[in-house]
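Step one of this worksheet: look at the structure below.
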Protein chains: 2
Amino acid sequence: MVRRVITLLRRRGYKVTPQRRAILRVIVDSQEHLTPADIYERAHKEYTGIGLVTVYRTLDILDKLGLICEVHAEDGRRSYLLTRPSEHHHHLICSDCGKVVDFTGCRLGELEKRLSRETGFEVESHLLEFIGCCPSCQKAAST
Amino acid sequence: MVRRVITLLRRRGYKVTPQRRAILRVIVDSQEHLTPADIYERAHKEYTGIGLVTVYRTLDILDKLGLICEVHAEDGRRSYLLTRPSEHHHHLICSDCGKVVDFTGCRLGELEKRLSRETGFEVESHLLEFIGCCPSCQKAAST
DNA sequence: ATTCTAAATGAAAATCATTTTCATTTACTA
DNA sequence: TAGTAAATGAAAATGATTTTCATTTAGAAT
Ligand SMILES: [Zn+2]
Ligand SMILES: [Zn+2]
Ligand SMILES: [Zn+2]
Ligand SMILES: [Zn+2]
């Protein structure tokens, strides 16, 4: 996985630095969605000579290459980063603890067509998120 | 319209100040979606003694009362404010000029049920936005 | 292996929207 | 009319992200 990304980076003309390796390893190793700060913290343990700025810059590249995607946090505004390149999918986010679950099958094609027809917009993409309370936070709340 | 909101504010224990009146008038008068800064700028013309902070605070209240709603800007992150209390609806946003069009009928109930079933989440709400290019920007692009 | 150069890095400063603080003012209630 | 909690605004604080710029370095060329 890491090797594949590294090859892609080289092919696209990006240099492969120890910082980028460290960041990649963190992202690939994690099953969860991480903020730039999270990634910085973890990568820093593995490779001390790394700065938060570099994390931001590397994430930009990975995003541009479609290797990672974003979550808009449940409190609105700030956008967070998440791992896992994959097919078209969306997020279900716990408003309590921030846990993120991916899901596929949004089936928004028809709605998109309708909107195009009605408004004349050329629709390019969509953002869909469900906000709710995850099982463990439900339990915690009911005790 | 303005009067209705004012009554509601009083009923809920909020005081009605000239600043709030000015902000309200701006929001009600506008057909477009405005940022706090936009609203501040306009309200300031009408009533000089007003600060941006008050705009933020008033918008919070109006949001809490469900009288206005938010748009998450197409560039990601920053959240913008928009007018018009209304039924459940979503936004179609032009990635070029920022124009926002409302639409209703998202029909996400079934998907919501499926997700609840599959993940155990108690789904509370959802965020749906379509991003695209509006008719006038399409024209502009093709010239 | 050595050299060369554009790309990458990080510390620090800059941005910029939003929030907090706090002293002062004011809308409403009694 | 007076009393009080709520509201206000100036200024400072926050906090995430971006920019700047001097220095380092990956990878290509020799
Ligand atoms: Zn949770
Ligand atoms: Zn989708
Ligand atoms: Zn447009
Ligand atoms: Zn909906």
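Residue numbering restarts at 1 for every chain, and letters A, B, ... go by the order of the sequence lines.
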Quick check for you: among C/dA12, C/dA27, D/dT17, whose closest atom lies nearest to any side-chain atom of B/P18? C/dA27
Whole-Å gap separating C1' (C/dG10) and CD1 (A/I23): 12 Å
How many whole angstroms separate atom OH of B/Y14 from atom P of D/dT4? 23 Å
Taking only the side-chain nitrogens and oxygens of B/T17, find out if one of them lies under 4.0 Å from OP1 or OP2 of D/dT8. yes
What's the OH-P distance between A/Y56 and D/dA16, to the nearest Å? 7 Å
Side-chain N or O of A/R10 closer than 4.0 Å to phosphate OP1/OP2 of D/dG27: yes
Heavy-atom nearest nucleotide on DNA chain C taken for B/V53 and for A/Y47; more 5' hit belongs to A/Y47
Just to confirm, is there a sub-4.0 Å distance from OP1 or OP2 of C/dT26 to any side-chain nitrogen or oxygen of B/Q19? no
Check the angle between the aromatic planes of B/H90 and B/F103 and answer parallel, tilted or perpendicular using the 30° and 60° thresholds. tilted
NZ of B/K64 to CZ of B/R12, rounded to nearest 0.5 Å, is 11.0 Å
Roughly how many Å is it from CG in A/L59 to C1' in C/dA8, rounded to a whole number? 15 Å
For residues A/E124 and B/S95, is any side-chain donor paired with an opposing acceptor at under 3.5 Å? yes
Nucleotide C/dT9, atom C1' - distance to NE2 of A/H44 in whole Å: 13 Å
With rounding to the nearest 0.5 angstrom, report the CD to SG distance, B/E122 to A/C134. 10.5 Å
It should be established whether A/R20 places a side-chain nitrogen or oxygen under 4.0 Å from OP1 or OP2 of nucleotide C/dT9. yes
Can you tell me the distance, in whole Å, between the NZ atom of B/K15 and the P atom of D/dT4? 12 Å
Between C/dT9 atom C1' and A/I50 atom CD1, what is the distance in whole Å? 10 Å
Rounded distance (Å) that lies between atom P of C/dA17 and atom CZ of B/R57: 18 Å
Aromatic rings B/Y40 and B/H44: how do their planes relate, parallel, tilted or perpendicular, breaks at 30° and 60°? tilted
